[in-house]
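Owing to the predicted nature of the structure, the values given are computational and were not obtained by experimental measurement. Labels below follow one simple rule: chain letters A, B, ... track the order of the sequence lines, proteins then strands, and each chain is numbered from 1. As a basis for the values below, the full set of heavy atoms in this structure was taken, side chains included, without hydrogen atoms, waters or symmetry mates.
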2 protein chains.
Amino acid sequence: MSRSNPRVLSTLERAGGFASAQEVYRLMQREGQKIGLTTVYRSLQSLVNDKIVDVLRRDDGEAIYRLCGETHHHHLVCKSCGETVEIEGGAIEKWALNVAKDHGFREVGHTAEIFGLCSKC
Amino acid sequence: MSRSNPRVLSTLERAGGFASAQEVYRLMQREGQKIGLTTVYRSLQSLVNDKIVDVLRRDDGEAIYRLCGETHHHHLVCKSCGETVEIEGGAIEKWALNVAKDHGFREVGHTAEIFGLCSKC
DNA sequence: TCTGAAATGAAAATGATTTTCATTTCCATG
DNA sequence: CATGGAAATGAAAATCATTTTCATTTCAGA
Ligand SMILES: [Zn+2]
Ligand SMILES: [Zn+2]
Ligand SMILES: [Zn+2]
Ligand SMILES: [Zn+2]
């Protein structure tokens, strides 16, 4: 496993909001940074593994990445423009734990995402 | 715009749950149906436009389709052996709708999955 | 039957992502 | 200071889903 190139993380921060691997790469190019597309992909993957960034999908299927806070949370995403709101998941955390306990499951985790059309779309 | 080839819809129904375009195509091939991959893609797109079918994304980015109005449920999956329990998501449905409404989103949908270790693992 | 629009599908193009693999950079040890 | 090997890098090729092209077929209506 390769470790993340810190310039990738720095660029993603600077990009603000979501950016795809291709976008991060282009941005670094424009800024004159010398880096390969492969390294950008590998670094972003690594950041996702380390849970330092979130990865979502655009409507067209392209993966987009974003720095996310430390706390566990969920996303409300606009299907059309991609606007994203981070959501506290208190209710769903309880739901997941209860459902799992009812069925005798341990070491429980969950994923949840809400999508729809935002007010502007 | 092309209209949907009815055999595509029929195959998606028969597939049960979600299926990607490639999977629908392979299924039709196995069944000896003569159809082109292009037509499968076009038909699925058309069904999505007509809101007869929902489209989501797998983690790997592949688009998956399912009939609208199929009974909605969630899954509790064992990380180790893959045992799966179908879950009614009453609580999470309300949560998703409320969160979305609070942020002015329309046409709301959601995904949710719980995973853990089952009692046997 | 004739005619044009719609449907079809094979093949090529596209575009993101992954894989390969040779090269470069690091680093610890002698 | 070597120097040997592990990790990182990136160019190019490979993958793979999806879209586009375009020539052909189907089909409904005149
Ligand atoms: Zn986040
Ligand atoms: Zn929007
Ligand atoms: Zn199990
Ligand atoms: Zn639900």
Asker: Of the options C:dT20, C:dT8, C:dT17, whose atoms approach the side-chain atoms of A:Glu62 most closely?
Answerer: C:dT17
Asker: Considering every strand and a 4.0 Å limit on heavy-atom distances, what is the contact class for A:Gln22: base, sugar-phosphate, or nothing?
Answerer: base
Asker: Any side-chain N or O of A:Tyr41 below 4.0 angstrom from OP1/OP2 of C:dT18?
Answerer: no
Asker: Any base atoms under 4.0 Å from A:Asn5, or only sugar-phosphate, or nothing? Heavy atoms, all strands.
Answerer: sugar-phosphate
Asker: Specify the separation, in whole Å, of atom NZ of A:Lys34 and atom C1' of D:dA8.
Answerer: 12 Å
Asker: Any idea which of C:dT17, D:dT9, D:dT18 is nearest the B:Ala21 side chain?
Answerer: D:dT18
Asker: Side chains of B:Glu93 and B:His110 only: does a donor on one sit below 3.5 Å from an acceptor on the other?
Answerer: yes
Asker: Would you indicate what B:Gln45 reaches in the nucleic acid, counting non-hydrogen atoms under 4.0 angstrom: base, sugar-phosphate, or nothing?
Answerer: sugar-phosphate
Asker: Atom CD of residue position B:Glu88 - does it have more than 12 heavy atoms of other residues, nucleotides or ligands inside 6.0 Å?
Answerer: no
Asker: So, A:Arg66 and A:Glu23, do they make that salt bridge, N to O below 4.0 Å?
Answerer: no
Asker: What's the closest nucleotide to the B:Arg3 side chain, out of C:dT8, D:dT18, C:dA7?
Answerer: C:dA7
Asker: Look at the side chain of A:Thr38 and decide which nucleotide, out of C:dA11, D:dA12, C:dT17, has an atom nearest to it.
Answerer: D:dA12
Asker: B:Asp60 CG to D:dA17 P: how many Å, rounded?
Answerer: 8 Å
Asker: What is the distance, rounded to the nearest whole Å, between atom CD of B:Gln29 and atom P of C:dG9?
Answerer: 10 Å
Asker: Would a 4.5 Å heavy-atom cut-off, applied to side chains only, mark B:Val55 and B:Leu44 as touching?
Answerer: no
Asker: Output the rounded distance in Å from CZ (A:Arg26) to P (C:dT17).
Answerer: 10 Å
